[in-house]
Amino acid sequence: DAKTTQPTSMDCAEGRAANLPCNHSTISGNEYVYWYRQIHSQGPQYIIHGLKNNETNEMASLIITEDRKSSTLILPHATLRDTAVYYCIVRVAGGSEKLVFGKGMKLTVNP
Amino acid sequence: KAGVTQTPRYLIKTRGQQVTLSCSPISGHRSVSWYQQTPGQGLQFLFEYFSETQRNKGNFPGRFSGRQFSNSRSEMNVSTLELGDSALYLCASSWMGQEEYFGPGTRLTVT
């Protein structure tokens with residue numbers, strides 16, 4: 001079973017920041033928070049991951065709360081191409097632990 | 001670097017037949033994982049290979065099998081196809097089990 005909880009869906013206006021929340025209250029000390037997204041009928045796309053510090057890359061920023069029980073993925077300037085299902089996943093990095101995908105959250109970016 | 005490639009992209013088979021799907025990972029990646037995606041069950045882990053050895057296996061019947069070659073390319077095989085095997089089959093590769101990069105998938109239809 002997925003160890004994370006996400007809203008079912010969210011809307012965002014084009015050009016605005018999209019803040020996607022995720023709860024992972026049972027996260028273990030050695031588990032990372034990963035974010036993937038899947039645009040319709042394509043393979044999932046890796047976005048970002050982090051352990052406890054905030055992370056930023058060319059796609060997004062990841063803010064993890066100090067107690068690590070929740071996190072927020074931020075898309076700073078959402079575009080129509082960011083419309084997708086976003087998955088928040090916790091897992092141990094490295095080794096053979098599989099990715100457990102929940103139902104994810106559908107983000108719709110509106111013009 | 002070229003991304004993960006999967007062949008074929010689309011496939012139609014009849015119940016009872018068998019099928020082999022192929023995956024070429026990103027150059028330098030030694031871990032290859034396979035996932036099945038259906039509307040009802042979502043994304044589910046099938047198995048993972050690292051250096052030609054299966055390291056992890058999901059909860060699928062023995063009709064689903066896979067292997068990895070010395071060049072890290074992987075194949076998965078489904079024997080005695082059932083209607084319920086119709087799905088998008090996704091392959092993902094990673095370097096040492098870090099973030100996984102997915103291919104575009106093979107859409108299998110069983111009639």
Side-chain angles (χ1 to χ4, degrees), chain A residues 1-9 22 28 30-53 55-62 64 71 73 81 84-106, chain B residues 1 3-7 9-10 21 23-26 29-60 66 68 87-109:
Chain A
D1 288 344
K3 302 177 184 178
T4 62
T5 305
Q6 301 175 254
T8 301
S9 63
C22 179
S28 300
N30 62 345
E31 287 181 319
Y32 287 67
V33 180
Y34 282 76
W35 283 85
Y36 285 78
R37 72 181 182 184
Q38 187 173 26
I39 296 169
H40 184 62
S41 294
Q42 298 180 21
Q45 178 187 24
Y46 165 79
I47 301 173
I48 198 167
H49 75 284
L51 183 63
K52 55 183 178 180
N53 298 320
E55 302 287 344
T56 296
N57 61 22
E58 65 279 4
M59 289 184 67
S61 294
L62 175 60
I64 302 174
S71 60
L73 178 75
R81 288 180 296 180
V85 176
Y86 286 76
Y87 297 95
C88 171
I89 299 166
V90 297
R91 63 171 276 191
V92 177
S96 63
E97 186 170 312
K98 62 191 184 223
L99 289 170
V100 178
F101 288 84
K103 296 187 185 301
M105 187 199 80
K106 177 65 183 295
Chain B
K1 275 186 180 178
V4 177
T5 58
Q6 293 186 245
T7 56
R9 292 293 312 279
Y10 302 91
L21 311 181
C23 171
S24 293
I26 291 172
H29 286 191
R30 296 166 63 189
S31 170
V32 174
S33 299
W34 289 89
Y35 292 81
Q36 181 198 65
Q37 185 171 30
T38 60
Q41 299 298 318
L43 272 155
Q44 292 187 290
F45 172 77
L46 280 158
F47 27 66
E48 187 245 356
Y49 288 87
F50 182 85
S51 292
E52 302 179 66
T53 301
Q54 187 181 89
R55 288 201 302 186
N56 202 350
K57 188 176 189 306
N59 189 25
F60 278 82
Q68 186 180 34
L88 180 66
Y89 289 88
L90 293 154
C91 166
S93 75
S94 70
W95 182 79
M96 300 298 287
Q98 300 293 330
E99 59 269 22
E100 296 186 51
Y101 294 89
F102 285 79
T106 293
R107 172 86 48 196
L108 172 65
T109 301

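When reading the values below, keep in mind they use all heavy atoms of this one structure, side chains included, and skip hydrogens, waters and symmetry mates.
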Where on [X] is there a heavy atom nearer than 4.5 Å to chain A: the side chain, the backbone, both, or neither?
{"X": "B:Phe47", "value": "neither"}
{"X": "B:Gln6", "value": "neither"}
{"X": "B:Leu43", "value": "both"}

Please state whether the side chain, the backbone, both or neither of A:Gln38 comes within less than 4.5 Å of a heavy atom of chain B.
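Only the side chain of A:Gln38 comes within 4.5 Å of chain B.
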Side chain, backbone, both or neither: which part of A:Tyr32 has a non-hydrogen atom closer than 4.5 Å to chain B?
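Contact with chain B is absent: no heavy atom of A:Tyr32 under 4.5 Å.
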Can you measure from NZ (A:Lys98) to NZ (B:Lys57) and round to the nearest 0.5 angstrom?
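Those atoms lie 11.0 Å apart.
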Are the side chains of A:Leu99 and B:Phe102 in contact, using a 4.5 Å heavy-atom criterion?
yes
Any heavy-atom pair between the side chains of A:Tyr34 and B:Glu100 that's under 4.5 Å?
no
Considering residues, nucleotides and ligands other than B:Asn59, do more than 12 of their heavy atoms fall under 6.0 Å from its CG?
no
Of the non-hydrogen atoms in A:Gly43 and B:Leu90, which two are nearest, and what is the gap between them?
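Nearest heavy atoms, A:Gly43 then B:Leu90: CA-CD2, 3.6 Å.
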